[in-house]
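Computed over heavy atoms, backbone and side chain alike; hydrogens, waters and symmetry mates excluded. Bear in mind the structure is a predicted one, so any value in this text is a computation, not a measurement. So you know, we letter chains A, B, ... as the sequences are listed, proteins then strands, and number each from 1.
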Amino acid sequence: MNCQEVQLQLSGYLEKSLDAVRMKSIETHLSSCPFCRAEIHALSDCIRQVAELPMVEIPVGFTQRVMAHAREIEIEPTAWQRLLAALKVTMPIQAAAMVLVGVLAVLLYQKDPRARNVAFTEMTSEVAPAPTLPSQVEETTNLRVESNQPLEPEQSRFHDSKRKQNDIPADPASQSVVQSSQQTAESTAIKDAATPAESAAVGKAEKGLEKSLEGRIASPRRPTIQAQEVSTGSDTRRPSGDALGIGAAIGALSRAPFRGAPYGAERALSPLSEPSPDFEFVVRRRPRVRLDQTEDASGASERKRAEADLPASASAREPIAQANPVVEIRWFTVAPEHYEYFRKDLAAEANIESEKSTAAKERDAALKSSRELLIKVMILQP
Amino acid sequence: MAPETISDAACVRRLQRGDINAFEILVRRHEKAIFNLVYRMLGDYDDAAEISQEVFLSAYRAIGQFRGEANFSTWLYRIALNHATTRRKSTNSRQKRLVPLDGSEMIDDAQIGPAETLEKKELRERVQRALNELEPEDATVILLRDLQDIPYEDVARMLEIPVGTVKSRLHRARQALKARLAAYFSAGRKVV
């Protein structure tokens, strides 16, 4: 090892950071080279002089001055703090919470197919005017029956199965809550407005309103079609004053022994066909002036309220009424022995334009049989 | 918890959450080392006080950007070296600074006589002057390694250069310092 190589490694030699072989080689060289020995002494002195430089004391009050200035400085926020600060500025905490809830709702909606089905069902029943099949007509009719009458076991099972198909929980309590919340405001307004003399009529109007509300809640909102206008058991409980305008006295038809036709099991309809009535009447509604005279106050108020409540459905009916003179078709089941009473009452309320019956043989058989007669009443415009 | 027992990292976390008292702990813990490094880099006590204060305030402003990837002391030293180097370069461009004889260096050995005290003081002023004449990078590596006795690895992190580069740069800096002190030694003045 020559002098140049040794001098390049003198710092390492002084710090003893070289390997043993090199340390030994340098030691050997230094023992025989006075020049390199002088160099290493000079370097060692230099390092020692630097190392022995004394530590100076900091100025008096240095810490206090630094802290005083620091308190006047606003710390630059971290990236996370900047993000949070930006959110605070642009979005209050309530809005942030709403956004969070919304995001969670979307996530849950996407993950839960059951919730998606329910939402889809609600959406289609409220918005989409899907073509109505006869089976849907039957379902609608049954729903309306359910809202007013105790269900037959078979009907109840039918309803349960329908609910299961739609994945809608059968929760009557929730329905009643919805109904009662909708009815409360109406009932309160009616009670506030009614005088004692009108209380009975108002009570009837309330009941009628309840029925109409129940019907609206129970049945999906679909475009009004004639098949859905079929009178059912729910209509038999209507108070006097038919909202559809046959006449106030038509309510008499709902008195025993006449009642709207629930489709009993023995007369179950084909889902693709209309029932075959034993008798078919075409009646014309009497002019409204006369009807108004016969209608009681509750009927009028109910109709007004119904018109106010259902502008969409009312307007939906207008084109149908203009295009087709038949504004309503109602069905009744009448015991054979009460058929003549039914006919007289009907004639008292509306002008009977025509009366058809099935073949004479079948009609006679029906009149003689013990089963109830199925009567179809087609109501024309006045 | 006593301030002495709180780690730098814990203080930094508290400071990042807005606890300015944690910053005071950090200042008191590192102020002497930082001030002496800056003082030896600049050779001027007042400048050292000004720059050291700016070092701590810069660290305080930027504490939010400190992600803890290095030790706080390493990060603080880096800030100090940057400030000191910048000041040193600007000062050297105006004038060649001489080591001030401001009496700030305290001679601890009370047993030595006035002549020896003067000789020691003269020697230290000479060493400081030689340091000031070095390139800033050379002075930096000498001060970090020989004055502050910081391990090579930490010096490498502070200067953001490899350890091997630190060693070679240190050897070059020592040779340069030795050469500047050679005249003093060759004049027959002995190191005390």
Side-chain angles (χ1 to χ4, degrees), chain A residues 3-19 22 26 35-85, chain B residues 15-16 18 20-21 23-24 27-28 31-36 39-40 45-46 48-49 52-57 60-67 104-108 120 123-124 126-128 130-131 142-143 145-147 149 152 167-168 170-171 174-175 177-182 185 191-192:
Chain A
C3 291
Q4 191 176 4
E5 291 174 336
V6 168
Q7 289 187 20
L8 284 175
Q9 300 180 64
L10 282 180
S11 285
Y13 176 79
L14 289 172
E15 293 182 340
K16 299 181 174 59
S17 59
L18 302 176
D19 58 66
R22 290 184 183 226
I26 291 172
F35 177 77
C36 287
R37 210 164 40 241
E39 280 292 313
I40 198 170
H41 285 148
L43 189 61
S44 177
D45 285 342
C46 181
I47 294 170
R48 188 165 54 88
Q49 291 302 315
V50 173
E52 288 181 350
L53 288 172
M55 295 286 281
V56 296
E57 291 298 321
I58 60 172
V60 176
F62 177 81
T63 310
Q64 288 74 19
R65 281 198 297 276
V66 170
M67 293 308 298
H69 281 91
R71 288 189 178 89
E72 297 171 358
I73 296 171
E74 189 172 346
I75 291 183
E76 292 175 12
T78 63
W80 179 243
Q81 287 171 332
R82 279 198 294 270
L83 177 63
L84 286 178
Chain B
L15 177 58
Q16 286 175 335
I20 198 169
N21 295 326
F23 181 62
E24 187 167 355
V27 172
R28 291 188 182 280
E31 62 187 358
K32 193 166 186 178
I34 293 294
F35 182 82
N36 273 273
Y39 172 68
R40 294 300 172 190
Y45 194 83
D46 293 335
S52 296
Q53 179 174 300
E54 189 54 40
V55 167
F56 282 107
L57 294 178
Y60 181 76
R61 287 189 198 96
I63 196 67
Q65 299 162 19
F66 177 69
R67 297 189 295 273
S104 56
E105 297 180 27
M106 307 299 291
I107 305 298
D108 298 330
K120 275 195 171 189
L123 176 62
R124 285 164 185 160
R126 181 67 189 170
V127 172
Q128 182 67 60
L131 285 171
I142 284 179
L143 291 173
R145 183 72 193 103
D146 294 339
L147 177 66
D149 198 23
Y152 277 112
K167 288 181 176 178
S168 61
L170 180 62
H171 176 73
R174 282 169 174 168
Q175 292 291 345
L177 183 65
K178 179 174 69 73
R180 281 170 175 75
L181 293 175
F185 294 134
V191 175
V192 179

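Other residues, nucleotides and ligands contribute more than 12 heavy atoms inside 6.0 Å of the CZ atom of A/R65. Other residues, nucleotides and ligands place more than 12 heavy atoms under 6.0 Å from the CZ atom of A/R37.
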Passes side-chain contact (heavy atoms from CB on, under 4.5 Å), A/L53 versus B/N36? Steps please.
CA-CA 10 Å; A/L53 288 172; B/N36 273 273; over 6 Å; no
Please determine whether side-chain contact (heavy atoms from CB on, under 4.5 Å) holds for the pair B/Y152 and A/E15, giving the CA-CA distance in whole Å, both sets of side-chain angles, and the decisive distance to 0.1 Å.
CA-CA 11 Å; B/Y152 277 112; A/E15 293 182 340; 2.3 Å; yes
Run B/R124 and A/E52 through salt bridge (charged side-chain N to carboxylate O under 4.0 Å, His left out) and show every step you take.
CA-CA 9 Å; B/R124 285 164 185 160; A/E52 288 181 350; 5.6 Å; no
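The two residues A/A70 and B/Y60 come nearest to each other via the heavy atoms O-CE2, 3.1 Å. Across all non-hydrogen atoms, the minimal contact from A/C46 to B/L177 is SG-CD2, 3.1 Å. Nearest heavy atom pair, residue B/I20 against residue A/M67, reads O-CE, 3.6 Å. When all heavy atoms are compared, the tightest approach of A/V66 to B/F56 is CG1-CB, 3.8 Å. Heavy-atom minimum distance, B/E31 versus A/F62: OE1-CD2, 3.4 Å. The two residues B/F35 and A/V56 make their nearest non-hydrogen contact at CE2-CG2, 3.6 Å.
Side-chain contact between A/E39 and B/Q175 is present, with at least one heavy-atom pair separated by less than 4.5 Å.
To the nearest 0.5 Å, atom CD of residue A/E57 and atom OH of residue B/Y39 are 12.5 Å apart. Rounding to the nearest 0.5 angstrom, the gap separating the CZ atom in B/R174 from the CG atom in A/L14 is 7.0 Å.
For B/R145, the part lying near chain A is the side chain, with the backbone staying farther off; criterion is any non-hydrogen pair under 4.5 Å. Looking at B/S168, neither its backbone nor its side chain comes within 4.5 Å of chain A, counting heavy atoms on both sides.
Under 3.5 Å, the side chains of B/E24 and A/T63 contain no donor-acceptor pair of N or O atoms.
Listed options B/L170, B/L57, B/I34, B/D149 were ranked by heavy-atom pairs under 4.5 angstrom with chain A; first place goes to B/L57. With chain A as partner, the option from B/R28, B/R180, B/H171 having the largest number of non-hydrogen pairs under 4.5 angstrom is B/H171.
A donor-acceptor pair under 3.5 Å is absent between the side-chain atoms of A/H69 and the main chain of B/E54, judged by distance alone.
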